[in-house]
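Single-structure report; data block below.
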Amino acid sequence: MEYNFKEIEKKWQAWWAENHTFKTETDPSKPKYYVLDMFPYPSGAGLHVGHPLGYIASDIYSRYKRLKGFNVLHPMGYDAFGLPAEQYAIQTGQHPAITTEQNIARYRQQMDRIGFSYDWSREVRTCDPKYYKWTQWAFLKMFNSWYNPETDKAEPIDTLIAKFKAEGRWDGLTEKEQSDLLMQYRIAYQGETAVNWCPKLGTVLANDEVKDGYSVRGGFPVEQKKMLQWQLRVSAYAERLLAGLDTIDWTDSLKEMQRNWIGKSQGAEMVFKVSNGSQEYDMTIFTTRADTIFGVTFMVLAPESEWVEKLTTPGQKEAVDAYLLQAKKKTERERIAETRKVTGVFSGSYAFNPLTGEKVPVWISEYVLAGYGTGAIMAVPAHDSRDYAFAKTFNLPIIPLIESCDISQESFDAKEGIMCNSGFLTGMSVKEAIPAAIDYIEEHGLGRRKINYRLRDAIFSRQRYWGEPFPIYYNNGIATAMPESALPLELPEVDKFLPTESGEPPLGRAKGWEYDGYPIEKSTMPGFAGSSAYYLRYMDPHNDEALVSREADEYWRDVDLYIGGTEHATGHLIYSRFWNKFLYDLGYVCEPEPFKKLINQGMIQGRSNFVYRIVNTNTFVSCGLKDNYETTEIHVLVNLVNNDRLDIEAFKAWMPEYHDAEFILENGEYICGWAVEKMSKSMFNVVNPDDICDRYGADTLRLYEMFLGPLEQSKPWDTKGIDGVHRFLRKFWGLFYDRDDFRVSDEAPSPAELKALHKLIAKEEFDIEHFSFNTTVSAFMIAVNELSDLKCCKRAILEPMTILLSPFAPHIAEELWHDLGHSESISYAKFPEYVAAYTVEDSFEYPVSFNGKLRFKITLSKSLTPKEVEAAVLADPNTAKYLQGGVARKVIVVPGKIVNVVC
RNA sequence: GCGGGUGUGUUGAAACUGGUAGACAAGCAAGACUUAGGAUCUUGUGCCUAGCGCGUAAGGGUUCGAGUCCCUUCACCCGCACCA
C-alpha cells in the first residue's frame, strides 16, 4: 500500500471533527496547560504559507503536552473588528459583518486542512455581541473605577466619592462638577488630548497604528489634532507593568522593547522663578541631570505648553505667534523629516536659576515635547546634545561643568568625570553629584525627586463603524454609564459606513441611537479592545453570567505558552497586560500576568523568481547568461518554477503574451533568478498552503515548516528540500508496509533497535521543551534511517515512534496508529506508557586527551568518582602509549565530561 | 544616537552546562536499476601546496582545550528615537 496522504488526511480530519477529539473540559484531576496563538484578523487574501508557522508550532506543543498527560487548552478565534472590512464596506456597500463572515469561513477551511487540534467549540469572534458584551462590561468597570495611589491598585469609584465626601470636596458641587471631578480619576475617562488624526480614514489612530507619519493600515497621512477622546489610564500601571516583566518568561528583546516603551526615568522636578517683566510665576521643570544645574544658560518651552501664553511678552508676541502657527501647520510627518533642523523663538521672558539666582532667557522650541515631563526644560548645552545644537544655532552661552571635557565640537553627554564650575558640587564625580544635587534641592524646598514615564494613556475612541459601541449615554452633556443589564449594546444598522455630513462618526447615522431618550456615544472602541482579554474568554466561552467563571479562571489561570508575531510588542501585549492587571485588582482574575511564556515566531518571507526578457523581443535568456544581453527583469509566478528551473510549457501557458516566447537556455534548462521579498500578490511569490497540501500533504507541510529553521528566525519560503521531508514520511510508512503487507510484528526488539528509539526519545523531549523543532525533525530522520537499515518492523519500536511523530505529522500517525489495532485517537495515547523499559547503559565515554590533544576514549561507569576515573585512565594500556615512558604531571578529570592528562 | 540580536560549507542549518565543527536536509558529482525520469537505491562532497596541515566575520585574551567565555574592530537585521 502506498502512502496516500490525500485520502489519509481527509479521512482523519473528518473523523476528528465527528468525534470531537480535541474538545477540552475543565478537569481538576489533571494538570492544565494553556497554549494560545495570537488570533488572526481574517483578511480577504486568505492564509499564505507564512501564517501557519506559529500555529503549527503551537499545535505540535499542544499535542505533545497532551501525550504527556496534561489537560491542554488550545483554542482559536478571530480578531474580527477592524478597518479593512470597513474600508471594503465603504467601497462596495457590503456590510462588514458579511465580508468578515466570508473571510472567517475561508480561514477556517484553510486551517482545517492543516490538521490543527483546536477545540473549535470554544471559538470566539470579537464582533459577536455575545463576545463584545464582555468588552463593554470591562469598559464599564474601568469607567466606574479609579486608581488609588495609596493601595496602588484600581478600586470602585465609590471609594473615591466617599473620600471626597470625607474631605468636604463633594457636597455642594453641581452634577456636572461632580462628573468633571470624577473624570479626572476614572480608569476609562474622557479627556482633551492631541491625537493622531487620519483625515482620509476619518478617525484617530493609536501611536502603534502610525508609522513614520502614515497609517499602518492603508498608508494614509496622519496629523496631530486636539480632540475630546475616551482614554484608558494605562499610565497609572506603568510601574507595575515594568516590574511584572521580571516575573515572566519572554525574550530579552521583547521585554526591553516594553521597558523602552514604558520609559521610566528617575530625576527631579525643580521650580524656577520666571518673570515676563510684569508678573512673576513658579515654573516646574523635570530633569534627570540635577547635577548640571550650574550650567543652565536658558530655558525652553514646548510650543503647546500653557506657559507660552503667560511668558510671551508684548514685544515678542508677533514673532512667537508666527512660530506657533508654522509649528502647528506641520504634520507629524514633516516634524520627523526635519528632526535635525533646529528652530525656536525667544519668548521675551526670563527665568532665575534657583541655586545661583542667575537670569536666563526663556525660549520656545519644537524640540521640547508637551506630553513629556512638564513640557518645559532647563537647558544645559554643555552636557545635552539637543541643548547644544540649540545654543549653537541661537548663539547662547555654553558652560562646561566637567573637568577637561571637550565641548568645542559637541556636547559631553556621558555621566562620568569630575564636576567643576558647580558651587558645592565641584570636585564630586557625576555619580555622586546627581543625588547630592537632588538632596540639596529637596532640603531647600526648591523641588523634589520625581519618576517620569514615557508611557501615555491609551486613546480609546475611534470615529468609525466596525467596532464595539460604548455603553455610554449623555444626560445633559454628562457622560453616564449604562447599567450592566443593558449589555450587550449592539451595533446599530446604518445606511452608509461614512462619517455624517456634519463630521460625526458613522454611528451618527443610526436611527434611534438613544438610551432612555438620551443620545448614545457615537464613536466605537479600537481594535485592541476586543483582543485585550480574549484569552480569558476562551476559558469559559459560553458563560452569559461572567466574562469567565471563578471556577474556570482558577483552573486555567493564565496562558502557559503564547505564540505570535513581534509586531504586537508595544500594542496588544501592553494593553492586554494592563487589562488583566485591572481585572486582577477588582478580583475578577487570579493571575497578575496573563502570558507566562511568550515566543515570537519569525516571519516567512517570499522567495520571488525572475525571468529575463531581452529588450524589445519575446526572447528570454537564462539567468547565468543574462549579462550578455540587455534584459528586463520580470517576476514570474513561483508555481511555474521548481528549484529555480522554469517549467517552460507552463510559462508559455501562463499568460497570452508569453505564448510564443523563445528561450536561450543553459545546459538545456532555463534557470531563473531569485530574490527574497515580502510575500505579496504583485510579486507572484505567494505560496498558498492549500497548494502544498495538494502536492505533498499537510503532514509534509507541517514538518517542512518546522524543518526550515529555528522558529524565532525570519526566513524565506523555499521549497527546496521539501522533497526530503516528504521522502522521510514515505520511508516511515515503509517501515510498516511492505508493498501491501502490514508487516509489523510482536517480536522482541534488538538492543540496536532499542538504542535508536531511545536516542530519539531523549533528543525529542529535550528539543521540544526548548522549542527546537527543526532539530527534532532531524532526529526523526536519523532514527528512521537507522531503523530502515536495521529493517526494523517491530511493534515495540514502531508504536512509540508513531506516538512521538503524532504532534508533527498527526494524520499519518493516526492512520498507522489505527493500523496497529487501536480504535481511539492517538491523541489520547499516553506516551510514557509506551516507552519500553530500556535504560541507557550506566556508562559514559570519557574522551581522554594529552596536553589538550584528544587521543582516545575510554568507557567507564558514570558513578565513578574523579579519583577512580583518574586511576582507571592511568591503568589503561592506551595511556602508556601516549605517555611514551614519561610520567603524567597532572590529571584533570571533569566529572561526566573528559579526562586530560598533562605530561 | 540608544537598546536588543545575528555572523559557521554552494544553500537551509546542527553542535546540551567550553570537549573529535559542519549532524540532518538541499544542491552538486559519479554509479546502479531503467524505453524514460524531476522515480528509487548506492557512494562521494569544508579548504589547500594533502600535512596528520588550515578552517566557525577580523584581531587579541583566558584555558590542557574556544563556534561557545572576555576585550577590540567590522558587517548585517530588528526595535525606539528630539523622552530633558
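Excluded from the calculations below are hydrogen atoms, water molecules and symmetry mates; all remaining heavy atoms, backbone and side chain alike, are included. Quick caveat, the model's predicted, so the values are computed rather than measured.
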Before accepting this row, confirm whether a basic side-chain N of the pair A:Lys755/A:Glu786 lies closer than 4.0 Å to the acidic partner's carboxylate O. no

Report the distance from atom CZ of A:Phe412 to atom CG of A:Leu401, rounding to the nearest 0.5 Å. 11.5 Å

Mind checking the C1' distance from B:rU8 to B:rG67? Whole angstroms is fine. 7 Å

Counting just side-chain N and O atoms, does A:Gln713 come under 4.0 Å of either OP1 or OP2 of B:rC77? no

Nearest-neighbour nucleotide for the A:Asp647 side chain, B:rG38, B:rC82, B:rC24 considered: B:rG38

Between A:Gly709 and A:Ala370, name the one whose nearest nucleotide on RNA chain B is closer to the 5' end. A:Gly709

Does RNA chain B take part in any stems of at least 3 consecutive Watson-Crick or G-U pairs (both distances under 3.5 Å), and if so, which ones? B:1-7 with B:74-80, B:10-12 with B:24-26, B:27-32 with B:40-45, B:57-61 with B:69-73

What's A:Phe728 touching, base or sugar-phosphate or nothing? Going by heavy atoms closer than 4.0 Å. nothing

So, OP1 or OP2 of B:rA26: does either fall under 4.0 Å of a side-chain N or O from A:Arg727? yes

Nucleotide of B:rA23, B:rC80, B:rG3 approaching A:Glu256 most closely (side-chain heavy atoms): B:rG3

Please name the pair of heavy atoms, one in A:Leu598 and one in A:Leu254, separated by the smallest distance, quoted to 0.1 Å. CD2-CD2, 3.4 Å

Looking at A:Glu410, I want to see if its CD is surrounded by more than 12 non-hydrogen atoms of other residues, nucleotides or ligands under 6.0 Å. no

Whole-Å distance separating the CD atom of A:Glu410 from the P atom of B:rC2: 11 Å

On a whole-Å scale, what distance lies between the P atoms belonging to B:rU11 and B:rC16? 22 Å

Indicate the atoms forming the closest heavy-atom contact of A:Cys405 with A:Pro400, along with that distance. SG-CB, 4.2 Å

Any A:Asn774 side-chain N or O less than 4.0 Å from OP1/OP2 of B:rA14: yes

Same-atom distance (P) from B:rC54 to B:rG38, integer angstrom: 43 Å

Interatomic distance where CZ belongs to A:Phe780 and C1' belongs to B:rC24 [whole Å]: 14 Å

Gap between atoms CZ and P, on A:Arg454 and B:rC82 respectively (whole Å): 8 Å

Find the distance A:Leu711:CG to B:rG12:P and express it as a whole number of Å. 18 Å

Of the candidates B:rA14, B:rC24, B:rG38, the side chain of A:Ile782 sits closest to B:rC24

Rounded to the Å, how far apart are A:Phe766 CZ and B:rU17 C1'? 9 Å

Presence of A:Arg730 side-chain N/O under 4.0 Å of B:rA39 phosphate oxygens OP1/OP2: no

Tell me what A:Pro716 touches on the nucleic acid: a base, only sugar-phosphate, or nothing, going by heavy atoms under 4.0 Å. nothing

Does B:rG44 fall in syn (glycosidic angle within 90° of 0) or anti? anti

Pairwise distance CE(A:Met270) to CD1(A:Ile377) - rounded to 0.5 angstrom: 12.0 Å

Distance between the P atoms of B:rC33 and B:rU42, in whole angstroms? 15 Å

Considering every strand and a 4.0 Å limit on heavy-atom distances, what is the contact class for A:Ser253: base, sugar-phosphate, or nothing? sugar-phosphate

Provide, to the nearest angstrom, the distance between the CG atom belonging to A:Asp384 and the P atom belonging to B:rC2. 14 Å

What are the two closest heavy atoms between A:Leu455 and A:Ser235, and how far apart are they? O-CB, 3.8 Å

Side chain of A:Val368 only, please: which of B:rA84, B:rA14, B:rC24 is the nearest? B:rA84

Starting from P on B:rA25, measure out to CZ on A:Phe707 and report it in whole angstrom. 7 Å

Would you mind telling me which of B:rG38, B:rG4, B:rA84 lies closest to the side-chain atoms of A:Arg695? B:rG38

All ring pair (Phe, Tyr, Trp, His ring centres under 6.0 Å) counterparts of A:Phe610, not counting sequence neighbours: A:His635

Pairwise P distance, B:rG12 and B:rG7 [rounded to whole Å]: 12 Å

Would you say a side-chain N or O of A:Tyr372 is under 4.0 Å from OP1 or OP2 of B:rA84? yes

Nearest-angstrom distance, C1' atom, B:rA66 to B:rC71: 15 Å

Just N and O in the side chain of A:Thr775: are any of them under 4.0 Å from OP1 or OP2 of B:rA23? no

Looking at A:Asp246 and A:Arg259, does any basic side-chain N land under 4.0 Å from a carboxylate oxygen? yes

Return the nearest nucleotide to the side chain of A:Asp252; candidates are B:rG12, B:rG4, B:rG79. B:rG4

Base, sugar-phosphate alone, or nothing: which one does A:Gly373 contact when heavy atoms must sit under 4.0 Å apart? nothing

So what does A:Asn785 hit on the nucleic acid, given a heavy-atom distance under 4.0 Å: a base, only sugar-phosphate, or nothing? sugar-phosphate

Would you mind reading off the distance between A:Met781 atom CE and B:rG12 atom P, rounded to a whole angstrom? 17 Å

Using the P atom in both, what is the distance from B:rU63 to B:rU68, to the nearest Å? 16 Å

Closest-nucleotide 5' rank along RNA chain B - winner of A:Ser772 and A:Met257: A:Ser772

Give me the distance, rounded to whole Å, that separates B:rC70 from B:rC47 when you measure between the C1' atoms they each carry. 30 Å

Within residues 290-303 of chain A or reaching into it, pairs that qualify as salt bridge (Lys or Arg N to Asp or Glu O under 4.0 Å) - sequence neighbours excluded: A:Arg289-A:Asp291

